[in-house]
Amino acid sequence: MNVLLLGSGGREHAMALAIAKSPLLDTLFAAPGNPGIAAVATLLAVDPEDHAAVIAACRANAVGLVVVGPEAPLVGGIVDALEEAGITAFGPTKAAARLEGSKSFTKALCAARGIPTADFRCFETAVAARAYVSARGAPIVVKADGLASGKGVVVAATVDEAHDAIDRVFGGAFGAAGASVVIEDVLEGEEASFFALCDGHHAVAFASAQDHKRLEDGDRGPNTGGMGAYSPAPILDEAGEAAVMRAIIEPALAGMAEVGTPFKGVLFAGLMIAPDGPKLIEFNTRFGDPETQAMLPRLREDFLGLLLACAEGRMPPTRPRFAADAALTIVLAARGYPAAPKKGGAIEGLDAAGRGAIVTHAGTRLVEGQLVADGGRVLNITGLGATIAEARARAYAGAALVRWTDSVYRHDIGARALVARNTPSAHDDGAVDLV
Ligand code: AMP
């Protein structure tokens, strides 16, 4: 079968590598793709949010399945448009993508279905939101309601900080995402990401990961799209994953089916693992970036077969198999990211880096045969190993071989997992060797 993958990031490169291995695949197309994806797919100059252009590309290339990588086309209704045109797609409809696109919708579902999450209130005016925060006190979390690329959330330590955040949301800092605000209590615990494949009525656990949102070592600096990840998440053992399926994924799926908007695709639960069990921070309705770069190299099953089964509403009841190995991904970003990443610098050394690690492209471009940086997050280097420590050593060895003068990356990806599990590379005093 011919497959069209929508997107152009590191997540999509990892997905392309996994799809390319499938015995079901004839030709893989990607729109718009990137120079890394071009090694395994034919690139099409099509905007993933342009419904008519995507449908025309599917018809011209006899595409049997469209796989949607990023959230924006989902929230914009690309899957509805494809289904109307009779083209099978992996991903939720616009109505089902509200699980990511609207925090207030998800909170209402949590309340209706008893899904554990932080206590919350939604407000449509700054005056009411400010008054609630004054009464409730700090710390408290302020969230713009709609999609804000992970930048619409402030965990406020003081009431003043929360008031400022509310004013920014209603002042238009997040565009349409700021038409209303969700205020919620702070959850305590360790964060983890959990992914389940859903066919509208059934869900199976896929894999877990943990990511690093802040730009700098020690979880300092601004929030980013993600600076690294590892999989599996040591904090989620088998019993923990079963609890997430039972308490969070299955009730959400049942709730979506009941209101007539069944969820198909991958449901990504951002979790806080609290002492009394997992709690939902948020849902996303697509694979995570960079979590996917760390999860897919561990998959021991036909990824395309799984995506197709979800899209066609025939999810097998058994969980996909994964290697027991760990994988760890480092994001190489451009100096100045996230505010003003420096573009255009030449990148060399990827063949050498790719010998002991997996290199995926996120923001690169070819200019007259030379690979250059062309975005904020530019490359991902993923190491595999029997332990997180081993995977981490391979990933950092790979990153050290990349020759690109504007590169910045964190040196402590996975450090917390090593400390928490007291693996051999953690010192007795809890400090960890940084590379
Ligand atoms: P979200 O976009 O909702 O995932 O929030 C982004 C980040 O803000 C999360 O990954 C958490 O680190 C933090 N966060 C969001 N909500 C809460 C909460 N209720 N308690 C503590 N931290 C939170």
Side-chain angles (χ1 to χ4, degrees), residues 70-72 75 97-111 115-123 129 132-133 136-158 161-162 165-166 168-169 173-175 177-178 180-195 208-216 218-230 233 235-236 244 248 252 266-291 331 338 410 413 416:
E71 59 272 29
V75 171
R98 277 182 300 169
L99 281 178
E100 172 157 4
S102 168
K103 293 187 193 296
S104 55
F105 173 82
T106 299
K107 283 296 196 179
L109 179 78
C110 290
I115 295 171
T117 187
D119 282 345
F120 71 99
R121 292 277 302 276
C122 299
F123 296 95
Y132 176 74
V133 166
R136 191 91 178 164
I140 197 150
V141 184
V142 178
K143 300 184 174 186
D145 188 23
L147 278 187
S149 306
K151 288 155 199 131
V153 175
V154 173
V155 181
T158 64
E161 208 184 314
I166 291 166
R168 276 202 306 280
V169 171
F174 306 105
S180 59
V181 76
V182 173
I183 311 275
E184 66 180 41
D185 292 350
V186 173
L187 294 170
E188 304 286 350
E190 185 173 331
E191 282 185 57
S193 302
F194 180 80
F195 297 80
S208 66
Q210 284 179 289
D211 78 343
H212 298 64
K213 285 254 182 288
R214 300 292 195 104
L215 181 69
E216 292 162 20
D219 287 331
R220 287 188 307 265
N223 261 325
T224 70
M227 293 301 291
Y230 49 91
I235 188 148
L236 268 180
V244 175
I248 295 174
V266 60
L267 192 52
F268 163 2
L271 302 170
M272 190 68 85
I273 312 300
D276 58 341
K279 300 202 164 41
L280 181 72
I281 297 175
E282 64 160 0
F283 278 131
N284 296 305
T285 60
R286 34 76 194 175
F287 281 104
D289 188 337
E291 290 95 331
V331 172
R410 277 181 63 158
I413 303 300
R416 195 177 27 165

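As the structure lists them, so they are numbered: ligands from 1, and atoms in each ligand from 1. The basis for the numbers below is simple: all heavy atoms, side chains too, and nothing from hydrogens, waters or symmetry mates.
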**Student:** Ignoring hydrogens, just give me the one of Val153, Asp119, Val142 whose non-hydrogen atom is nearest atom 6 (C) of ligand 1.
**Tutor:**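 The residue whose heavy atom sits nearest atom 6 (C) of ligand 1 is Val153.
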**Student:** If you compare all heavy atoms of Gly226 against all heavy atoms of Val331, which two are closest, and at what distance to 0.1 Å?
**Tutor:** O-CG2, 3.5 Å
**Student:** So which of Glu100, Glu282, Glu191 gets nearest to atom 10 (O) of ligand 1, if we judge by its closest heavy atom?
**Tutor:** Glu191
**Student:** Quick check on side chain to side chain contact (heavy atoms under 4.5 Å, CB included): which of Val182, Thr106, Val141 does Phe120 satisfy it with?
**Tutor:**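 Answer to the side chain to side chain contact (heavy atoms under 4.5 Å, CB included) test with Phe120 among Val182, Thr106, Val141: Val182.
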**Student:** In ligand 1, which numbered atoms sit nearer than 4.0 Å to a non-hydrogen atom of Ile281?
**Tutor:** 3 (O), 4 (O), 15 (C), 16 (N)
**Student:** Which ligand 1 atoms, with their elements, are less than 4.0 angstrom from a heavy-atom of Leu187?
**Tutor:**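 Counting from 1, the qualifying ligand atoms are 18 (C), 19 (N), 20 (N), 21 (C).
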**Student:** Check step by step if salt bridge (Lys or Arg N to Asp or Glu O under 4.0 Å) holds for Glu282 and Lys143.
**Tutor:** CA-CA 11 Å; Glu282 64 160 0; Lys143 300 184 174 186; over 6 Å; no
**Student:** At under 4.0 Å between heavy atoms, which part of Asp185 makes contact with ligand 1: side chain, backbone, both or neither?
**Tutor:**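 Answer for Asp185: backbone.
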**Student:** Report yes or no: does Met272 have a heavy atom closer than 4.0 Å to ligand 1?
**Tutor:** yes
**Student:** So is Thr117 close enough to ligand 1, meaning a heavy atom under 4.0 angstrom away?
**Tutor:**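 Under 4.0 Å: no for Thr117.
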**Student:** Begin with the C-alpha distance, continue with both residues' side-chain angles, and end with the deciding distance and a verdict on ring-ring contact (aromatic ring centres under 6.0 Å, His included) for Phe123 and Tyr132.
**Tutor:** CA-CA 9 Å; Phe123 296 95; Tyr132 176 74; 5.2 Å; yes
**Student:** Using a strict cut-off of 4.0 Å, indicate which atoms of ligand 1 neighbour a heavy atom of Glu184.
**Tutor:** 16 (N), 17 (C), 18 (C), 19 (N)
**Student:** Quick one: does Asn223's side chain get under 4.5 Å of Arg214's, heavy atoms only?
**Tutor:**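 Yes, their side chains come closer than 4.5 Å.
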**Student:** Gln210 and side chain to side chain contact (heavy atoms under 4.5 Å, CB included): which partner among Glu291, Glu191, Glu190?
**Tutor:**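 Only one of Glu291, Glu191, Glu190 forms a side chain to side chain contact (heavy atoms under 4.5 Å, CB included) with Gln210, namely Glu190.
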**Student:** One residue to check: Val141. Relative to ligand 1, which of side chain, backbone, both or neither has a non-hydrogen atom less than 4.0 Å away?
**Tutor:**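 The answer is the side chain of Val141.
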**Student:** Taking the side chain as every heavy atom from C-beta outward, state whether Asp145 and Ser102 have any atom pair closer than 4.5 Å.
**Tutor:** yes
**Student:** State the atoms of ligand 1, each with its element, that fall below the 4.0 Å cut-off from a heavy-atom position in Lys143.
**Tutor:**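 Counting from 1, the qualifying ligand atoms are 3 (O), 15 (C), 16 (N).
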**Student:** Run the side chain to side chain contact (heavy atoms under 4.5 Å, CB included) test on Met227 and Lys213 for me, step by step, so that the C-alpha distance in whole Å, both residues' side-chain angles and the decisive distance to 0.1 Å come before the verdict.
**Tutor:** CA-CA 6 Å; Met227 293 301 291; Lys213 285 254 182 288; over 6 Å; no
**Student:** If the cut-off is 4.0 Å to any non-hydrogen atom of Lys103, which atoms of ligand 1 fall inside it?
**Tutor:** 2 (O), 3 (O)
